[in-house]
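Scroll down for the structure; my scribbles are underneath it.
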Amino acid sequence: MKQEMIIVLDFGGQYNQLIARRVRECNVYCEVHPYTLELEKIREMQPKGIIFTGGPNSVYLEDSPHIDPDIFKMNIPILGICYGSQLIAHTLGGQVATAPVSEYGKTEVSVDRSSILFGNVEPATTCWMSHTDYIAKVPEGFRITAYTAVCPVAAMECLKQKVFATQFHPEVLHTVEGTKMLRSFVYDVCGCSGNWKMDSFVSLAIQSLREKIGTGKVLCALSGGVDSSVAAVLLSKAVGKQLTCVFVDHGLLRKNEGDEVEAVFGPDGPYELNFIRVNAQERFYGKLAGVEEPEEKRKIIGAEFIRVFEEEAKKIGAVDFLVQGTIYPDVIESGLGKSAVIKSHHNVGGLPECVDFKEILEPLRLLFKDEVRKAGLELGIPEYLVFRQPFPGPGLGIRIVGEVTAEKVKMVQEADFIYRDEIRKSGIDMKLGQYFAALTNMRSVGVMGDFRTYDYAVVLRAVETSDFMTAEAAQVPWDVLQKVMNRIVNEVKGVNRVFYDLTSKPPGTIEFE
């Protein structure tokens, strides 16, 4: 049976892969493609439906992304989201203009439950808006199916053409019933049966990697984190002994982590990964000396990683491919494609321009963290590894605000170890998406043992998230925070104050730098 597919046409918004992820959650395979994808190629792919994404542009400007109007004659159901909804209106003869009142954030939307999209939705539902333009006039044949206090066309549809549009973003978790809406589009409009699961991704990825790599040699950048571990095992299944995994201990790992990673993936562990450990602590400290700006730190760490991998590849001889555990939130935050740069990830935007490998492979590039974990379980990786706390490639280099020194690394290692220990003891660890301690660049006066201190402040972070694109600060019990604070100020030399970060994402990011 041919695999059902929904395709997402990308117009440059932040949530484009999130749309695909929501569709995949409905057990329907979904891929993201540029909006310039030729109509002939779309016909060959035979999608059950097409989704236009959001984007930062105004459709009425000449240089904004547009679409071939013939796409509406292909008899394939279409859903436009945000910019995509305005593009539908503009292309089909409606009118789009600057909104008298912009809408951002959670907004109450009134929906027409006779619409096929909103049949299972409350008449007044909370949705996520993010727009300065609006649909001032719907095209001929369309009817309005949702509105807000200031947006007269929050959704519209034309049943005859099977074209639907929402001004809001159903793909983000802030749209309370967004999954219901997307599910209605996928099943009730597009007629999908839902025959896709994560094991399909794993088998297809293994097959694709075998074809791509052939007889070539592969070096995998293994950090010991969830993403790179899944990538390593995936490559091991695909090419076996052609793979060598290099673990670089850059001195910016969590307490005892270097030895823990070697115990799991080294020669005495359960995997055959041709494991090599490179101890490069002093090398990285030297490169980071005096550097305070976070983007510069990220790029230095990313470049130095690549240089180490190149050196190890020369020792192995004739390595063709470098494999990284890049996942989609890394790509988005690094500003690849048309999205804005938020911060460069060492394995994406932090890469140097010249890399001495034939090609860089990123088999998890289109997945979110929870999807990576599902893939890990499908590959047979133990749960304690799959559900390990996420850890960024630049490590504690971006959890130390300001200059990185060995002394500061020691402080944040100890504080983070205490925090994770108490979170685990409290039994709330599996309820949290991510939690860690960071070291601020702030020093303040304190008193310990009747003596004045002038030491650093540690900040604790804990968030609840499923996809790491959005996150809310977790409500860690007060008694747990008190225990953590007491232990840190008593056990960590150089720290006399502890904060808790309440910031959500957006407007913040999960990591500090």
Rounded at 0.5 Å granularity, tell me how far [atom1] in [X] sits from [atom2] in [Y].
X      : Y      : atom1 : atom2 : answer
Ile51  : Ile19  : CD1   : CD1   : 6.0 Å
Phe391 : Asp227 : CZ    : CG    : 13.0 Å
Leu235 : Ile213 : CG    : CD1   : 5.0 Å
Leu9   : Leu37  : CG    : CG    : 6.5 Å
Arg183 : Cys192 : CZ    : SG    : 10.5 Å
Arg424 : Asp421 : CZ    : CG    : 5.0 Å

Salt-bridge contact [X]-[Y] (side-chain N to carboxylate O under 4.0 Å):
X      : Y      : answer
Arg373 : Asp370 : no
Glu257 : Arg388 : yes
Arg461 : Asp501 : yes
Arg22  : Glu25  : yes
Glu293 : Lys297 : no
Lys212 : Glu359 : yes
Glu371 : Arg24  : yes
Asp249 : Arg277 : yes

Practice prompt. Compute the centroid of each ring, for Phe284 and then for Phe305, and state whether the two points are separated by less than 6.0 Å.
Written response: yes

Could you tell me whether the side chain of [Y] reaches within less than 4.5 Å of the side chain of [X], counting heavy atoms only?
X      : Y      : value
Phe52  : Leu87  : yes
Ile306 : Leu322 : yes
Glu4   : Ser193 : yes
Pro65  : Asn57  : yes
Cys30  : Met5   : no
Leu439 : Arg399 : no
Phe265 : Ser229 : yes
Phe275 : Leu222 : yes

Has [X] got a side-chain atom pairing as donor or acceptor with [Y]'s backbone, closer than 3.5 angstrom?
X      : Y      : result
Glu177 : Lys180 : no
Asn27  : Trp196 : yes
His250 : Gly397 : no
Thr125 : Glu122 : no
Asp259 : Asn256 : no
Glu362 : Gly325 : no
Asp320 : Lys217 : yes
His66  : Ser64  : yes
Thr175 : His169 : yes
Arg365 : Gln324 : no

Provide the closest heavy-atom pair for [X] versus [Y] in the form atom of the first, atom of the second, distance.
X      : Y      : answer
Val264 : Pro270 : O-CD, 3.1 Å
Leu209 : Pro363 : CD1-CB, 4.2 Å
Ala462 : Tyr419 : CB-OH, 3.4 Å
Val412 : Ala437 : CG2-O, 3.4 Å
Lys255 : Glu260 : O-OE2, 4.3 Å
Ile400 : Glu513 : O-OE1, 3.5 Å

Worksheet entry | salt bridge (charged side-chain N to carboxylate O under 4.0 Å, His left out) between Glu310 and Arg307, intermediate numbers included | CA-CA 5 Å; Glu310 288 174 342; Arg307 300 289 87 96; 2.8 Å; yes

Item to complete: Kindly indicate, with the supporting measurements, whether the criterion side-chain hydrogen bond (donor to acceptor under 3.5 Å, both in side chains) is fulfilled by Glu103 and Gln167.
Response: CA-CA 10 Å; Glu103 284 182 306; Gln167 182 60 69; over 6 Å; no

Worksheet item: Are more than 12 heavy atoms from other residues, nucleotides or ligands located less than 6.0 Å from atom NZ of Lys431?
Response: no

Discussion item. Would you say CG of Asn120 has more than 12 non-hydrogen atoms from neighbouring residues, nucleotides or ligands within 6.0 angstrom?
Written reply: no

Practice prompt. In sequence, state the C-alpha distance, the side-chain angles, and the governing distance for Ile7 and Met45, and then conclude on side chain to side chain contact (heavy atoms under 4.5 Å, CB included).
Written response: CA-CA 9 Å; Ile7 64 170; Met45 296 169 72; 3.5 Å; yes

Residue pair [X] / [Y], side-chain donor-acceptor N/O under 3.5 Å:
X      : Y      : result
Thr166 : Ser85  : no
Gln475 : Glu464 : no
Glu108 : Thr126 : no

Item to complete: Apply salt bridge (Lys or Arg N to Asp or Glu O under 4.0 Å) to Lys162 and list each qualifying residue two or more places apart in sequence or on a separate chain.
Response: none

Practice prompt. Start with the C-alpha distance between Thr145 and Glu157, add both sets of side-chain angles, then the distance that settles side-chain hydrogen bond (donor to acceptor under 3.5 Å, both in side chains), and finish with yes or no.
Written response: CA-CA 7 Å; Thr145 55; Glu157 66 180 34; 4.7 Å; no

Discussion item. Let's go through Phe417 and Arg254 carefully: what are the C-alpha distance in whole Å and the side-chain angles of both, what is the deciding distance for side chain to side chain contact (heavy atoms under 4.5 Å, CB included) to 0.1 Å, and is it a yes or a no?
Written reply: CA-CA 8 Å; Phe417 182 82; Arg254 289 171 287 205; over 6 Å; no

Practice prompt. Any chance you could lay out the side chain to side chain contact (heavy atoms under 4.5 Å, CB included) test for Leu364 and Thr326, step after step, and finish with the verdict?
Written response: CA-CA 6 Å; Leu364 310 178; Thr326 308; over 6 Å; no

Practice prompt. Dump the intermediate steps for side chain to side chain contact (heavy atoms under 4.5 Å, CB included) on Tyr435 and Gln389, then the final yes or no.
Written response: CA-CA 8 Å; Tyr435 54 94; Gln389 271 293 293; 3.2 Å; yes

Worksheet item: Residues in ring-ring contact (aromatic ring centres under 6.0 Å, His included) with Tyr83, at least two apart?
Response: Phe11

